[in-house]
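Notes follow the structure.
If you're wondering where the values come from, they're calculated on a predicted model, not measured in any experiment. Protein chains get the first letters and strands the later ones, always in sequence-line order, with residue 1 at the start of each.
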2 protein chains.
Amino acid sequence: MANIQQIAKEAGVSVATVSRVLNHATSVTPETRSKVEIAIKELDYQPSMLGRNLRNSESRLMLVLLPSISNPFYTEIINGIQNTAIAHNYNILLCETDSKPERENIYFNMVKNKLADGIISMDPTVNMKWLNELAENHPVILCSEYEEGGSIPYVTINSELAAYQAVKHLIKLGNEKIALINSDEKFLYARLRRAGYERALKEFNLPIYDEWIYHTKELEFENGVQAMRILLQLEEKPSAVFAVSDTLAIGALKALNGGFEAPSDIAIVGFDNISFSSMTNPTLTTISQPMYKMGCLAADMLMSSMKGEKVESIVLDHELIIRESTMG
Amino acid sequence: MANIQQIAKEAGVSVATVSRVLNHATSVTPETRSKVEIAIKELDYQPSMLGRNLRNSESRLMLVLLPSISNPFYTEIINGIQNTAIAHNYNILLCETDSKPERENIYFNMVKNKLADGIISMDPTVNMKWLNELAENHPVILCSEYEEGGSIPYVTINSELAAYQAVKHLIKLGNEKIALINSDEKFLYARLRRAGYERALKEFNLPIYDEWIYHTKELEFENGVQAMRILLQLEEKPSAVFAVSDTLAIGALKALNGGFEAPSDIAIVGFDNISFSSMTNPTLTTISQPMYKMGCLAADMLMSSMKGEKVESIVLDHELIIRESTMG
DNA sequence: CTGAAAGCGCTAACAT
DNA sequence: ATGTTAGCGCTTTCAG
């Protein structure tokens, strides 16, 4: 692989001139420029990012932290981030933390030692203390999950309101016994969605039973299956279920398994509108988050932050998508 | 962020010595070493990857090319690649090409100009001419999709045999009218799976009708829905369908839509065993590929190749997973 | 066992 | 308009 020196020599100019041509500087004669361009073509030259990045002390890489790539909720967000990043000549590094702090640390260090220019975190399990520390000196954006009252800019939706509307939808359909399949309430989104759930029930003077609130360890399909099995064994079975993630809701749907029908026996609402949710039988009523847009905005915000601009947090609109699992 | 000079100064040694400590060189007195380590801790020093990489002309980054992150087939493979890579101090950069050549080019250039050390391609749409060119001077491994008779090492399964077994399974269940939902036969895997399909039919003297072979543009759910709708409109409807991807099979299942039942009216077999395939109703019979292992091996092979070792291609075993969509 | 110094490939300030 | 040169942070001969 040729380097800038060889091009300079081949073109009979200095490396500075080659660099100028490479960076589209104005002050180069057309003739000189063309000499350089010919040399570049001749030697099939590609400028080394390594050299350029070292010199500029930037990597044009953004890190995207997420707990696991297997939750389809993230894929559309990632698409948004990726497309926006690429349009601005950035690349993204997808970082699965598996909720392991030592992995997280690897990625934080990449930012500290200039291997990456900034981080978008979508990981609810992220160590906020470390992240805040990092954010003091490096660009950091939170996407979807955020810290209430924290100083790191975020893009998210109003989870409380969305949950409230989902549950209200169930109530309007005549359900009075509504269960919640929640994830761990150490996560803010889980607390917010529970709050929305409770607000709706209270507003309609419906009882809130601890028995009807199930907490899952993770967001996999299997956790939803498990949750629904427990709910179905209750003496007082719920007539409807709100699950805080489509993956859980789909698992819940699966657990009905011939014994019960949705929505006639049990109505179900999910959250996220992942692509699977329209492929289930019955199709799943859910809250749609503008995932793609969220990703685009997160990337935009990060790039602003990298330029040193001050960025404001953004709360996006969501939408209730009504399908067969509540309106068979 | 402190640099190596400041550490050297703080510790009262030369930068060379600091570098030796950093790289666990043997020839450093315990006392000197400890002086340096104290300085490192003191200044919270992280060696700059940028400097190190430029010097070593390596990036410890591997590129993973895939057409789209939204096909869940890839997620387990990626997990395998990622875990293996991280265990060896490499990181992976997920590269969605969206089947766009210009995107592909960005990533090829990253390898050419040392921003990445090698490529694992899982993209069936990849430009093999360019990839072969790249492979002449850089480590490249193919995963899942490969080139017959090509020179780039690959890890894959025997698609022809898997398809043969899937269709034979349908035949053994008494099906004589078996359709194929295939993707574009410009892809090798599509041609191989079709070959397996035809071999099974021929072996049992069953007819092969062009009408029963549908080609989809992509592998999204919607393409499967569309395909099945067409098949259901045929005068002579098939009694079973083999789809070359779970996403297509799940779409096909969805298209039955109350009018027909699987497996009583139409049995369906998919391919890949994505996690959602056990959540559908009915659950999906499918071919399970050892995706995680495939990913691990691809990463291992790439690292071998980066060390300059010669690597051999590998064909892994698959497995037919029988579920409700054929054995209700 | 440790230090001095060259150099990886590039950009930008300064000089011409 | 173009060239010269320092230096980004690191590793690695080569000396001592």
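C:dA12 atom P lies 11 Å from atom CG of A:Leu22, rounded to whole Å. Taking atom CE on B:Met49 and atom P on D:dT11, their separation rounds to 9 Å, with Å as the unit. For A:Gln5 and D:dG3, the CD to C1' distance is 13 Å, given to the nearest whole Å. With rounding to whole Å, A:Lys112 atom NZ is found 18 Å from D:dG9 atom C1'. As a whole-Å value, the separation of A:Leu50 CG from C:dT11 C1' is 15 Å. With rounding to whole Å, B:Leu115 atom CG is found 14 Å from C:dC8 atom C1'. Rounded to whole Å, the distance from CG on A:Asn56 to C1' on D:dG9 is 14 Å. To the nearest angstrom, P of C:dA5 lies 16 Å from CD1 of B:Ile4.
Picking from D:dG9, C:dA13, C:dC1 the nucleotide with the shortest atom distance to the side chain of B:Asn3 gives D:dG9. Taking every side-chain heavy atom of B:Tyr45 into account, D:dC10 is the closest of C:dA12, D:dC10, D:dT11. Counting only heavy atoms from C-beta on, A:Ser48 has its side chain closest to C:dG9 among D:dT11, D:dG9, C:dG9. For A:Ser19, whose side chain is taken as the heavy atoms from C-beta onward, the closest listed nucleotide among C:dC1, C:dA5, C:dT11 is C:dT11. Looking at the side chain of B:Leu54, the nearest of the listed nucleotides C:dG9, D:dT11, D:dT2 is C:dG9. Taking the side chain of B:Arg55 as heavy atoms from C-beta on, and the options C:dG9, D:dT2, D:dC10, the nearest nucleotide is D:dC10. The side chain of B:Ala16 has C:dA4 as its nearest neighbour among D:dA1, C:dA4, D:dG9. Considering only side-chain atoms of B:Thr29, the nucleotide from D:dT11, C:dC10, C:dC1 that sits closest is C:dC1.
Here A:Ser57 lies out of heavy-atom contact (under 4.0 Å) with every strand. Within the 4.0 angstrom heavy-atom criterion, only backbone atoms of the sugar-phosphate kind lie near B:Val28; the bases stay farther away. Across all strands, B:Asn23 comes closer than 4.0 Å only to sugar-phosphate atoms, never to a base (heavy-atom distances).
With salt bridges taken as basic N to acidic carboxylate O contacts below 4.0 Å, none links A:Glu31 and A:Lys35.
Where A:Arg20 and B:Val13 meet DNA chain C, the nucleotide closest to each residue was compared, and B:Val13 sits on the side nearer the 5' end. Mapping A:Arg33 and B:Gly51 onto DNA chain D via the closest heavy atom, the residue that lands nearer the 5' end is A:Arg33.
The main-chain N or O of A:Leu188 is found under 3.5 Å from a side-chain atom of A:Glu145 such that the two form a donor-acceptor pair. Counting only distance, with no hydrogens or angles, the side chain of A:Ser305 and the backbone of A:Met301 share no donor-acceptor pair below 3.5 Å.
Contact between the side-chain N/O atoms of B:Thr32 and the OP1/OP2 oxygens of C:dC1 is not found at any separation under 4.0 Å.
Looking at A:Tyr189 and A:Thr156, their side chains never bring a donor and an acceptor atom within 3.5 Å of each other. Donor-acceptor pairing under 3.5 Å is lacking for the side chains of B:Gln82 and B:Asn79.
For the pair A:Glu220/A:Ser70, a side-chain contact is recorded, criterion being any heavy-atom separation below 4.5 Å from C-beta on.
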